[in-house]
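First comes the structure, then the notes that go with it.
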There are 2 protein chains.
Amino acid sequence: MSDEQTVFIVDDDAAVRESLALLLEASGFTIAQYETGNAFLEALSADSTGCLIIDVRMPGLSGLEVQKRLVDRNATLPVIIMTGHGDLPMAVKAMKAGAVDFLEKPFDLAGLTESVTNALNKSAENLLEANQAAEIGRRLARLTERERQVLDELVIGNLNKVIAFNLSISPRTVEIHRAHAMEKMQARNLAHLVRLAITAGVVPNISAAD
Amino acid sequence: MSDEQTVFIVDDDAAVRESLALLLEASGFTIAQYETGNAFLEALSADSTGCLIIDVRMPGLSGLEVQKRLVDRNATLPVIIMTGHGDLPMAVKAMKAGAVDFLEKPFDLAGLTESVTNALNKSAENLLEANQAAEIGRRLARLTERERQVLDELVIGNLNKVIAFNLSISPRTVEIHRAHAMEKMQARNLAHLVRLAITAGVVPNISAAD
DNA sequence: AATACGCTACGTAGTTACCCTCATTTTAAA
DNA sequence: TTTAAAATGAGGGTAACTACGTAGCGTATT
């Protein structure tokens, strides 16, 4: 996992790619260019970080379709959509689908670098959160069935003996699973465990409910 | 706090307002019309629910400005922006500012009712969450200084004696504040308390950190 | 001025809950 | 058959909850 962020440029028009690349490289960004959405998607690895600048209208996959593929793939790469002529419905669609910004050709340098900088910042944030969630997910995955059941009951706040009753096992056994779960989750205490569980989405956190 | 959702329509053009209102009323929506952003903002009460359909270009406050006022006011009303002629930069700006949708005049009925329905659903969700958060906030507000300090330490997972040391009071006193905090927060147990605290934003929930 | 109330603070004592060590049995997978 | 997970028990120590009392301090009410 490198810290290096790349600006991925996808456009079927080589002239557009080149001029974009030149502008951005001059501003110190690292660039990768692709002619088609497919070429980009194939080249993209799971640990790529940065942002994507992509044309909406292209032969093959459209920008919107590529964006959709990224979402399906669980990639958190921020997407900047390019469009030649103000195409409002498409812009709205792209924004709803999570595009972080929109560029109208021809673009001005100031707006471009600002957009890219914002996107890269967002990418860095995403990466942090994703890493956190992934790490907690890995720990969760190491729990056995029973340990996981006990964890679920713990974050609800059930006592050992209640958990024992619910799972039809002895309180002693619950203690053991509990200790194992705490160890595997690397939770320092119950409060910490609950926070980890919420971050991992194990429980819906909203709960004033009586 | 009524369950009734209202579609607020703001446009300086009476003809547009009327036709929109007719269309939407025919579909069973409750409508309120305003000629200017200011008139709408003044009429809007804190417990109004529904959505706002507003023109971008108007004398006085623009749609974007009204949107901004809503955000400043902490109103969670979903905003649908209307525009006469595909104005891309404005659309992007509005979406970034949190508009849920975009309508191009002239609008077709199908798209319109769908947009409004989505916006109203979102409004209902927002309301639920806002109510939850507000309720927890009210409980938090009833805590005394000390109780709040103890709560902060509790959600970190500190033991009573550690809390006692940190606050330079006796463990016995911590116990008392702890009990009061639990009672005022209506927390059934420590796990519940931690979840309430996270929902209220007392602690950053992300925390695999060692 | 007197009284009441709430917040803070502390102690003792009994009870429950939790955690750990030592030790054993069953079961299912490798 | 070896190994890992699961299950359980006895016993002891620590932490937490509850109940009952004491006490100073500031504010509001009478």
Side-chain angles (χ1 to χ4, degrees), chain A residues 136-198 200 202-203 207-210, chain B residues 135-198 200 202-203 207-208 210:
Chain A
I136 298 176
R138 274 192 294 279
R139 293 180 194 172
L140 265 181
R142 292 210 312 272
L143 298 183
T144 66
E145 176 78 14
R146 273 302 199 210
E147 285 160 2
R148 175 54 192 268
Q149 290 171 341
V150 169
L151 182 142
D152 287 342
E153 300 252 352
L154 278 178
V155 297
I156 294 172
N158 285 344
L159 299 178
N160 282 351
K161 57 182 179 181
V162 175
I163 300 174
F165 177 79
N166 290 342
L167 301 183
S168 304
I169 53 181
S170 91
R172 181 71 248 276
T173 309
V174 173
E175 270 182 30
I176 299 210
H177 292 315
R178 178 174 184 151
H180 287 162
M182 294 284 287
E183 191 186 351
K184 287 185 181 175
M185 294 302 292
Q186 295 173 42
R188 287 182 289 273
N189 47 57
L190 182 61
H192 191 193
L193 184 72
V194 172
R195 279 155 62 197
L196 290 173
I198 291 176
V202 174
V203 231
S207 52
D210 287 33
Chain B
E135 169 59 22
I136 299 176
R138 274 192 294 276
R139 294 181 193 171
L140 265 180
R142 293 211 311 273
L143 298 184
T144 66
E145 177 78 14
R146 273 301 199 212
E147 286 161 358
R148 175 54 192 268
Q149 290 170 341
V150 169
L151 182 142
D152 287 342
E153 301 249 356
L154 278 179
V155 298
I156 293 173
N158 285 344
L159 298 179
N160 283 350
K161 58 181 179 182
V162 175
I163 300 174
F165 177 80
N166 290 343
L167 301 183
S168 304
I169 55 181
S170 93
R172 180 70 247 274
T173 308
V174 173
E175 268 181 29
I176 299 200
H177 292 314
R178 178 174 184 152
H180 287 162
M182 295 282 288
E183 192 186 353
K184 287 185 181 175
M185 294 302 292
Q186 295 173 43
R188 286 182 289 273
N189 47 57
L190 182 60
H192 191 193
L193 184 72
V194 172
R195 281 155 61 197
L196 290 172
I198 291 177
V202 173
V203 231
S207 52
D210 288 31

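As the structure is a computational prediction, the values presented were derived from the model and not from experiment. Just so it is clear: chains get the letters A, B, ... in the order the sequence lines come, proteins before strands, and each one is counted from 1.
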Close side-chain approach of [X] to [Y], heavy-atom, < 4.5 Å:
X: A:Gln149; Y: A:Asn166; result: no
X: A:Gln186; Y: A:Leu196; result: no
X: B:Leu151; Y: B:Met182; result: no

Could you state the [atom1]-[atom2] distance from [X] to [N], rounded to the nearest angstrom?
X: A:Ile169; N: C:dT26; atom1: CD1; atom2: P; value: 18 Å
X: B:Glu147; N: C:dT8; atom1: CD; atom2: C1'; value: 10 Å
X: B:Glu175; N: D:dC20; atom1: CD; atom2: C1'; value: 14 Å
X: B:Leu154; N: D:dA15; atom1: CG; atom2: P; value: 15 Å
X: A:Ile163; N: C:dC18; atom1: CD1; atom2: C1'; value: 11 Å
X: B:Asn189; N: C:dC18; atom1: CG; atom2: C1'; value: 14 Å
X: B:Ile176; N: D:dA23; atom1: CD1; atom2: P; value: 15 Å
X: A:His180; N: D:dA6; atom1: NE2; atom2: P; value: 9 Å

DNA chain C: B:Glu145 or B:Pro171, which has the more 5' nearest nucleotide?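 Going by which nucleotide is closer to the 5' end, it is B:Glu145.
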[N] OP1/OP2 closer than 4.0 Å to side-chain N/O of [X]:
X: A:Asn160; N: C:dC18; result: yes
X: B:Arg178; N: D:dC17; result: yes
X: A:Arg146; N: D:dA7; result: yes
X: B:Thr144; N: C:dT8; result: yes
X: A:Ser170; N: D:dT8; result: yes
X: A:His177; N: D:dA7; result: yes

Specify the residue among A:Ser168 and A:Lys184 whose closest nucleotide of DNA chain D lies further upstream toward the 5′ end. A:Lys184
Base C:dT21 to side chain A:Arg172, donor-acceptor N/O within 3.5 Å cut-off: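 In this structure, the two groups form a donor-acceptor pair.
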Side-chain (B:Arg142) to main-chain (B:Lys184) donor-acceptor, under 3.5 angstrom: yes
Under 3.5 Å, side chain of A:Arg195 to main-chain N/O of B:Val155, donor-acceptor pair present? yes
